[in-house]
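Read the structure below first, then the notes.
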Amino acid sequence: LSDPSFTVDEDLNVVPIRDVLYTGPVMLIHGVSAHADDMAQVDISGLPMQLPRTLRDILGVGQKQPNRAKRSLLVPPMIVTENQRPPFPRTIGRVISMERSASHIFQLTGPGADRHPKGLFTIDIHTGDVSVSRSLDREAIDSYQLEVSTTDFAGNLQEGPTILVITVIDQNDNRPIFKEPRYTGEVLEGSPTGTTVMRMTAFDADDTGTDNAALRYNIIRQSPDKPSPNMFYIDPESGDIVTVISSKLLDRETLPTTMYELEIVAKDMAGSEVGLTGTATATITITDKNDHSPEFTHPLFEAYVYEGSTGVVVNLTVDDRDDPATGAWRAIFSIISGDPTSSFQIQTNPDDNEGMLSVVKPLDYEATAFHTLLIRVENEEPLVPEVGYSPSSTATVHVTVLDINEGPVFFPDPLIVTMMENIPVGSFVASLNATDPDVLQGQSIRYAVLRDPAGWLNVNPVRGIVNTTASLDRESHYVHDNKYTALFMATDNGNPPATGTGTLIIYLEDYNDNAPYVVPSVARVCEDAHDINVAIVGGRDKDLPPNGAPFKIELGKQLGLDNTWRVTRVNSTHSQIMLLHSLKKANYQLPLLITDSGVPSMSNITEVKVQVCECKKNKMLCSSAPSHHVLSGSSSRGLALLLGTLLITVLCK
């Protein structure tokens with residue numbers, strides 16, 4: 001009942017539990033049975049007529065009571081059920097005026113009356129009956145607060161305004177709706193019974209204070225239904241899904257599938273038969289834990305590899321019952337023993353989890369023809385405490401090294417010797433040493449020249465003795481940084497023959513075999529001896545110290561040269577030419593004798609073209625005519641031209 005002044009006894013009689021002091025249709029009865037769910041409106045009359053008191057007496061109208069304000073309008077709260085069917089309007093209650101006269105009329109204002117949503121409620125201006133004009137939706141607006149007053153015909157306020165509250169009573173007109181159509185959850189295999197997997201949540205738009213929105217959850221289907229159709233349980237009120245199956249049976253490796261689908265129903269009316277329902281699907285995945293150790297499929301693996309080669313030699317297959325592509329399944333291989341030189345390496349193939357045993361350092365048949373490796377396999381993730389690695393988690397690998405005909409090896413390589421240049425043809429240079437790694441074959445070795453850029457060397461094919469076939473010249477363009485490099489080949493008599501190469505580096509010591517020369521080949525002086533009349537020249541030598549500088553530069557032995565020219569030393573490599581008296585503007589050939597410091601020393605006469613020029617305002621005007629004043633008969637050495645007419649005292653190089 002909507003009115004706490006009444007109750008329903010066991011015979012379904014409506015019985016007042018206290019005096020009723022008002023009259024009007026102000027109470028609703030909600031009735032529910034196995035086949036019906038409905039509301040009824042009850043009109044209430046006041047105290048029986050035989051009682052001496054009138055309604056005014058019951059309400060205390062006109063009586064003076066301490067600390068109580070006089071009330072001229074009786075506005076009881078009213079209720080109306082949503083989703084009512086026509087006819088409309090329907091009376092839902094009455095407002096009573098204690099001081100109303102025939103000239104007073106009732107007025108109803110507020111949202112639902114004269115404001116949006118307009119016209120839902122009306123009041124009879126004469127009787128005060130309040131009516132609803134159309135069906136209401138509690139989920140849109142669950143209550144309305146209006147104001148009731150009385151006025152005269154001129155609109156003058158007589159009573160009120162007084163608040164009228166109209167409450168919309170809920171009907172079960174909304175089904176439960178899950179927030180998502182599909183839910184996903186996970187539970188670790190071996191979890192104890194009662195482990196919470198996930199929570200299902202549905203929403204009902206009906207009044208949460210009534211059973212219309214009181215939801216109860218239930219599992220109506222489990223797929224697959226093996227090993228038990230009731231592997232999971234859902235709490236009817238909270239929607240929590242928990243495990244029912246025992247931890248031993250919750251074994252991912254023995255279950256028919258790792259994914260179970262549950263169909264969940266949420267029903268309102270606290271799960272009663274007349275409740276409305278909504279459904280959703282829960283998908284539960286049984287996740288893996290590392291409760292199975294990886295095991296080799298064979299206790300012994302064999303591999304064959306040619307000496308000197310690298311790469312994968314054998315694939316080690318393993319079996320692991322845990323979930324593929326997880327750390328509980330992925331294998332890690334390690335070599336426990338049998339590889340002191342770290343010649344082998346194992347990597348995991350991510351596609352099939354096999355171990356790929358590779359040779360990373362070439363093996364030598366003559367050193368060791370057979371290797372025995374002990375291999376262990378583990379998982380990326382540690383095993384659960386109650387599980388350990390079994391003996392099948394180790395395996396033995398026999399690696400047989402196959403012999404091949406290896407080429408001879410030179411030692412040392414490179415072979416470095418030091419020789420003096422210009423030694424006689426046929427001189428001994430070096431003795432090559434090449435050995436055959438195939439010591440068990442007893443093969444012979446023959447030597448040959450593979451690369452000799454200058455053609456200076458030959459080698460005895462049997463003994464490996466290297467001799468010169470031409471003069472060794474340190475100044476040759478085949479020599480770099482005083483080093484001459486040749487390449488030799490050694491070939492065995494195997495079938496097929498194998499070859500090896502070795503390098504010979506000859507450091508050449510210098511011999512004074514190159515005469516020095518003067519640069520530049522052209523020098524300039526002024527025709528007036530009082531002007532710039534000094535030219536600087538220098539010496540060059542292809543030989544190394546001490547077979548080069550310091551140089552001695554002097555005038556040629558031609559008579560009369562010293563009357564016109566003078567040569568004086570500037571430093572160890574340069575000298576200056578000085579004009580002693582004025583000469584006519586022309587080009588002259590001046591022979592200069594240059595001598596190096598080698599033992600024995602070497603000399604050379606270089607003719608330098610001296611241009612006697614007219615000098616004006618720091619400019620030198622020289623003759624372009626050929627040299628017609630020949631001062632020496634020696635021929636000139638043509639090299640790069642350098643300007644040598646700077647007025648300086650010392651030129652440092």
Side-chain angles (χ1 to χ4, degrees), residues 407-435 444-492 499-519 521 538-553 572-573 593-606 634-640 653:
V409 178
F410 282 84
F411 181 83
D413 188 24
L415 174 61
I416 301 175
V417 298
T418 301
M419 306 293 297
M420 177 67 72
E421 67 172 331
N422 299 330
I423 60 175
V425 175
S427 298
F428 171 82
V429 176
S431 179
L432 303 179
N433 179 32
T435 58
S444 61
I445 296 176
R446 295 184 66 82
Y447 298 91
V449 177
L450 184 61
R451 185 167 60 86
D452 178 16
W456 291 343
L457 307 172
N458 68 1
V459 61
N460 186 291
V462 177
R463 299 175 59 194
I465 302 299
V466 179
N467 297 96
T468 61
T469 59
S471 178
L472 306 182
D473 183 7
R474 191 197 65 82
E475 291 76 32
S476 169
H477 66 275
Y478 295 109
V479 177
H480 304 283
D481 296 330
N482 303 320
K483 294 186 298 183
Y484 180 73
T485 302
L487 194 63
F488 294 86
M489 178 175 63
T491 306
D492 63 23
T499 62
T501 59
T503 302
L504 173 64
I505 298 176
I506 304 175
Y507 274 91
L508 292 175
E509 295 180 341
D510 187 41
Y511 180 79
N512 193 18
D513 57 349
N514 290 277
Y517 55 92
V518 176
V519 292
S521 60
R540 296 286 187 273
D541 198 320
K542 293 182 179 180
D543 293 318
L544 297 177
N547 296 323
F551 299 111
K552 180 181 179 182
I553 302 176
S572 63
T573 57
L593 176 65
I594 180 172
T595 305
D596 62 23
S597 297
V599 179
S601 62
M602 296 193 71
S603 299
N604 182 32
I605 293 180
T606 303
S634 301
S635 63
S636 172
R637 300 176 63 93
L639 293 175
K653 178 182 179 183

Atom CZ of Phe411 with >12 non-hydrogen neighbours under 6.0 angstrom: no
In Å, rounded to the nearest 0.5 Å, how long is the span from [atom1] of [X] to [atom2] of [Y]?
X: Leu593; Y: Ile553; atom1: CG; atom2: CD1; result: 9.5 Å
X: Ile465; Y: Phe428; atom1: CD1; atom2: CZ; result: 5.0 Å
X: Thr573; Y: Asp541; atom1: OG1; atom2: CG; result: 12.0 Å
X: Leu508; Y: Lys483; atom1: CG; atom2: NZ; result: 11.5 Å
X: Met602; Y: Asp513; atom1: CE; atom2: CG; result: 7.5 Å

Please check: side-chain N/O of [X] versus main-chain N/O of [Y], any donor-acceptor pairing under 3.5 Å?
X: Thr468; Y: Ser427; result: yes
X: Asp452; Y: Leu457; result: yes
X: Ser597; Y: Pro550; result: yes
X: Asn604; Y: Pro516; result: yes

Atom of Thr595, atom of Ser603 and distance for their closest heavy-atom approach: OG1-OG, 2.8 Å
Stepwise side-chain contact (heavy atoms from CB on, under 4.5 Å) test for Arg474 and Leu544: CA-CA 10 Å; Arg474 191 197 65 82; Leu544 297 177; 3.5 Å; yes
Test side-chain contact (heavy atoms from CB on, under 4.5 Å) applied to Leu504 and Val429, step by step: CA-CA 10 Å; Leu504 173 64; Val429 176; 4.2 Å; yes
Thr501: side chain to side chain donor-acceptor pair (under 3.5 Å) partners, not counting sequence neighbours: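 By the side chain to side chain donor-acceptor pair (under 3.5 Å) rule, Thr501 matches no residue at all.
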Under the side chain to side chain donor-acceptor pair (under 3.5 Å) test, residues paired with Glu475 that sit two or more places apart: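 Counting only residues at least two positions away or on another chain, Glu475 forms a side chain to side chain donor-acceptor pair (under 3.5 Å) with Asn514.
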Where at least one partner belongs to residues 458-490, residue pairs that pass ring pair (Phe, Tyr, Trp, His ring centres under 6.0 Å), sequence neighbours excluded: Trp456-Tyr484
